[in-house]
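Okay, structure first, notes after.
A, B, ... follow the sequence lines: proteins, then strands. Residue 1 opens every chain.
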Amino acid sequence: MTDGTPPQETQADRERVVRDRLDKVDALRARGVEPYAYSYDPTHGAADALALFAEAGEGEGAEEIAVRLAGRVVSKRDMGKSTFAHLADRTGRIQLYFRVNQLGDAYGLLDLVDLGDWLGAAGVLFRTRTGEVSLRVDELTLLAKSLRPLPLGKEETDAATGERIVHSGFTDVEARYRQRYADLAVNPAVRDVFVLRAKAVTALRRFLDDRGFVEVETPVLQPLYGGALARPFTTHHNALDTRMYLRIADELYLKRLIVGGMERVYEISKDFRNEGLSRFHNPEFTMLEFYAAYFDYRDVMRLTEEMLHAVAVAVAGGPQVVREGQTIDFTPPFAEYTMYQALREIGGVDVEAGGEDALREKVRGLGVSAAEVATMGRGKLIDELFGALVEPRLIQPTFITDYPREMSPLAKPKRGDAELTERFELIVAGKELCNAYSELNDPIDQRSRFEAQARYAAAGDEETQPVDEDFLRAMEYGMPPTGGFGMGIDRLVMVLTGQPSIRDVILFPVMRPE
RNA sequence: GGGCCGGUAGCUCAGCCGGUAGAGCACCCGACUUUUAAUCGGAUGGUCGUGGGUUCGAGUCCCACCCGGCCCA
C-alpha cells in the first residue's frame, strides 16, 4: 500500500495463519535452522529430473539417480512417519517422499514446513507403488519460509485423460490481477503466457535484426506528443519547469532517424494513451514500430506477412495458431480488401453512394447519439462503420487498404487518388493488429496536414495531431521515401495465446487503486 | 458515461418468504512409514464491499457510494 491506509486484514489472517507461521520461524531458528537461506545449487529442474529417470530406465541393476531440486511446496500429505509433498519449479512439479528413518532428526523439520515454502531437496529418484516418479529426500534445506497462505487449489490428475484438474483454485480475476505474484505462483498456465510473450518478442527482434534493422531507443518523455490520434498523459519537469508528455507513439522520432540516414530502425517499447480501459485497451501498452527507407506500403505488407509468419512458427511451431474454437493461419499471402470494398462486400454498406448526411444516418443506425454523430467528419464516420460492421467479422489475417486522407495525417496520398492514402491496417481475430503507411515525406504537404489537424482540434476533436515544428524541420532536411509500421504487441500476444483480455497478457495491468 | 451480473471465512462457494452465518479445502491439535483432491477424529476462524434507511429484528428489502466482470457508447 502506498496511499497510507492500513492494510485491510481480518483478525483471522493476521492472528491465526500469519502468527502461526511466525512462531514456526522462531522454532526454526531455535533449532539452528535459518528460514531464509542465501543460495542453493539445484542440479536439475523438476521436469528434467523426471525426464532423466525416464531415460535411464528402471528395474534390476538400474543405477540410482541422485539429484538436487529446488522449488515451492505446493502440496503436502503427512502420514506420520512418512510424508509426501509436491515441489513446483519453473519447469514443472515433482513429488517428494520423506521417511523418518531416512532423515532422522531432520524429519521433524517437516512440522515447520508449510505450503508455499521454498525448499531445496536432495535425494534419489524412484517410482512409488502407485506409479509416480518421485524424489526420496535424503537432505532438505529450507530456502524461504512463507508467512502468508497462497491460494493453492487441490489438484487431481484425471486417470482416463491424464488431464490436471484444479479444485477451488485461485480464479477471482480482480484478485489475480491485483496480486499477480500469487496468480503466477499458483497458476502455472499464467506463467506460460508470459514465457510465450517473451519468445514472440525475441522472434520479432531476430526477424528485424536479420534484415539489417537497428534497434533504437527514443524518448518516452516528450515535449510534444504525436504519431497517433490519441490523448496523452501529461506531466511536469520540475528543473525545466515545463510540461512534458508521455509518448503516444514512437513514429515522429523514428522518422527523424530516417532523416538522419539510419535507413532501417525499429523500437519495441511502452506507449501511453490517456483513454478508457477495456478488454482491448490498457493505458500503457507495448508497441513495435519499424521504418525502412525506400519501402512503400506494399513492401511493408510483404514484410508484415513474413514477420508474422516467422513469429507464429517461433511460438506455435507452425503458421497456424489454434485458439478456442478457431484456427488462425499466418501463411502468406493474407487476404486484402480496400476499405470501401470491405464495407461493401463484408459490411453491406456502400459508403460511396450518397453524401456525408447519408453516412451520418448509417452511423446513427449503429446506436451512436445524434450529438456525437454531428461532430464526426467523413473519415471518422467511415471508421465507425468499419469498426462495427466489418472488423469483428475478419478473423483470419486481412489487410485493409486505402484509408481516407483525413484519418491519416502522416501517410502519403495514394497514387492516382489523392483523397485516399497509401496505408493499410492488418485485422486479425476481429481487431486491428498493425497499421502501416507509405510515410509522408513531403514537408509542404506535411505542414498542411498538421494545419488541418489543428482545425479539427479547434472544432472540438480531442484526438488530433498537434503541429510539431521540430519534426517539420527534420522533414525539410529531406526524408527518403519510407515505409513505416506499427503493431500492438499485447494484441499480438492475445492472438497467439487465445487470451480474451489484454489484462491476461500484461503482467501488472492498470487497476483502480484498492 | 449507460445496461446487466457479481463482492459472504485465506481459497472456491451455499445461504429460500427478513429471525442473529454455513460447506469443502487451507490453517491448528491428534492418528497413520508408498500417499496423491490421501484418509480418519477434533478445534479455531466472519465489520456478509462501504455508509445510510425501513423494521422489534437486515447477508437478505430500499437508497447512495466503492471495487470488479461482461456488453454497449
Side-chain angles (χ1 to χ4, degrees), chain A residues 5 7-24 73-87 93-104 107 110-117 126-137 146-159 162-179 182-183 185-187 275-281 363-373 375-376 380 384 387-388 392 500-504 509-514:
Chain A
T5 56
Q8 298 274 314
E9 293 199 313
T10 63
Q11 293 290 71
D13 195 11
R14 195 175 258 315
E15 286 180 9
R16 198 177 67 241
V17 185
V18 176
R19 235 198 40 217
D20 280 345
R21 293 201 181 183
L22 285 168
D23 288 346
K24 288 178 183 177
V73 179
V74 293
S75 75
K76 192 178 167 207
R77 292 174 293 282
D78 175 5
M79 303 185 51
K81 295 190 174 62
S82 72
T83 296
F84 289 89
H86 273 96
L87 191 73
R93 50 160 58 199
I94 188 169
Q95 182 168 254
L96 305 180
Y97 177 50
F98 305 89
R99 283 175 81 194
V100 66
N101 48 2
Q102 198 80 35
L103 285 161
Y107 188 83
L110 287 176
D111 288 337
L112 303 174
V113 169
D114 292 296
L115 297 186
D117 288 358
F126 75 109
R127 188 181 292 277
T128 65
R129 190 179 290 165
T130 49
E132 181 164 352
V133 178
S134 306
L135 179 71
R136 192 199 68 217
V137 179
S146 160
L147 298 182
R148 186 179 291 274
L150 275 173
L152 283 161
K154 287 221 165 185
E155 288 197 11
E156 89 179 299
T157 309
D158 189 294
E163 219 172 305
R164 186 165 287 165
I165 304 163
V166 180
H167 299 269
S168 304
F170 188 43
T171 56
D172 181 270
V173 289
E174 181 177 356
R176 287 181 44 221
Y177 296 145
R178 288 195 192 277
Q179 298 188 41
D183 187 29
V186 305
N187 294 323
E275 293 164 357
L277 289 78
S278 84
R279 204 153 71 78
F280 295 99
H281 298 90
V363 173
R364 278 286 289 139
L366 301 174
V368 182
S369 76
E372 227 175 316
V373 170
T375 69
M376 292 180 179
K380 183 74 185 156
E384 286 288 323
S501 169
I502 197 168
R503 294 180 158 195
D504 295 319
V510 168
M511 302 288 284
R512 222 177 274 269
E514 280 182 82

Side chain A/Ser75, main chain A/His86, donor-acceptor under 3.5 Å: yes
Side-chain (A/Arg176) to main-chain (A/Ala182) donor-acceptor, under 3.5 angstrom: no
Touch class at under 4.0 angstrom, heavy-atom based, for A/Arg136 against every strand present: nothing
Closest listed nucleotide, where the reference is the side chain of A/Asp20 and the choices are B/C27, B/U12, B/G68: B/C27
A/Lys24 side chain, from C-beta outward: closest of B/C28, B/C11, B/G10: B/C28
Among B/C27, B/U33, B/C70, the one nearest A/Val17 by side-chain distance: B/C27
Selected nucleotide, minimal atom distance to A/Lys154 side chain, candidates B/G68, B/A38, B/U33: B/A38
Touch class at under 4.0 angstrom, heavy-atom based, for A/Asp172 against every strand present: sugar-phosphate
Pair of N/O donor and acceptor under 3.5 Å linking B/U12 base with A/Thr171 side chain: no
Syn/anti state of B/C17 by chi, 90° boundary around 0: syn
Distance below 4.0 Å between A/Arg178 side-chain N/O and B/G68 OP1 or OP2: yes
Between B/G45 and B/G57 - C1' atom distance, rounded Å: 26 Å
Sidechain-backbone polar pair: A/Thr130 side chain, A/Thr128 backbone, donor-acceptor under 3.5 Å: no
A/Val173 side-chain proximity, nearest of B/C32, B/U36, B/G69: B/G69
Nucleotide nearest A/Ser82 when distance is taken to its side chain, options B/G68, B/U33, B/G24: B/U33
OP1 or OP2 of B/G69 under 4.0 Å from side-chain N/O of A/Arg503: yes
Quiz item: A/Arg77 side-chain donor-acceptor pair to B/U35 base, under 3.5 Å: yes
Which nucleotide in B/C11, B/U34, B/U36 has an atom nearest any side-chain atom of A/Met79: B/U34
Opposite nucleotide pairing with B/C4, Watson-Crick or G-U, both atom distances under 3.5 Å: B/G69
Sugar-phosphate, base or nothing in reach of A/Asp78, heavy atoms under 4.0 Å: base
C1' gap between B/G51 and B/G7, integer Å: 16 Å
Touch class at under 4.0 angstrom, heavy-atom based, for A/Gly276 against every strand present: nothing
Nearest-neighbour nucleotide for the A/Gln95 side chain, B/U33, B/U34, B/U36 considered: B/U36
Any-strand Watson-Crick or G-U partner of B/A9, both distances under 3.5 Å: none
B/C71 phosphate, OP1 or OP2, under 4.0 Å from A/Arg279 side-chain N/O: yes
Whole-Å C1' distance, B/C67 and B/G24: 27 Å
Non-hydrogen side-chain atoms of A/Arg512 and A/Leu277 separated by less than 4.5 Å: no
Spacing of the C1' atoms in B/G30 and B/U44 (rounded, Å): 15 Å
Gap separating the CD atom of A/Glu155 from the CZ atom of A/Arg93, nearest 0.5 angstrom: 4.0 Å
No-H, no-angle donor-acceptor pair, A/Glu132 side chain to B/U34 base, under 3.5 Å: no
Donor-acceptor under 3.5 Å (A/Tyr107 side chain, A/Ser82 main chain): yes
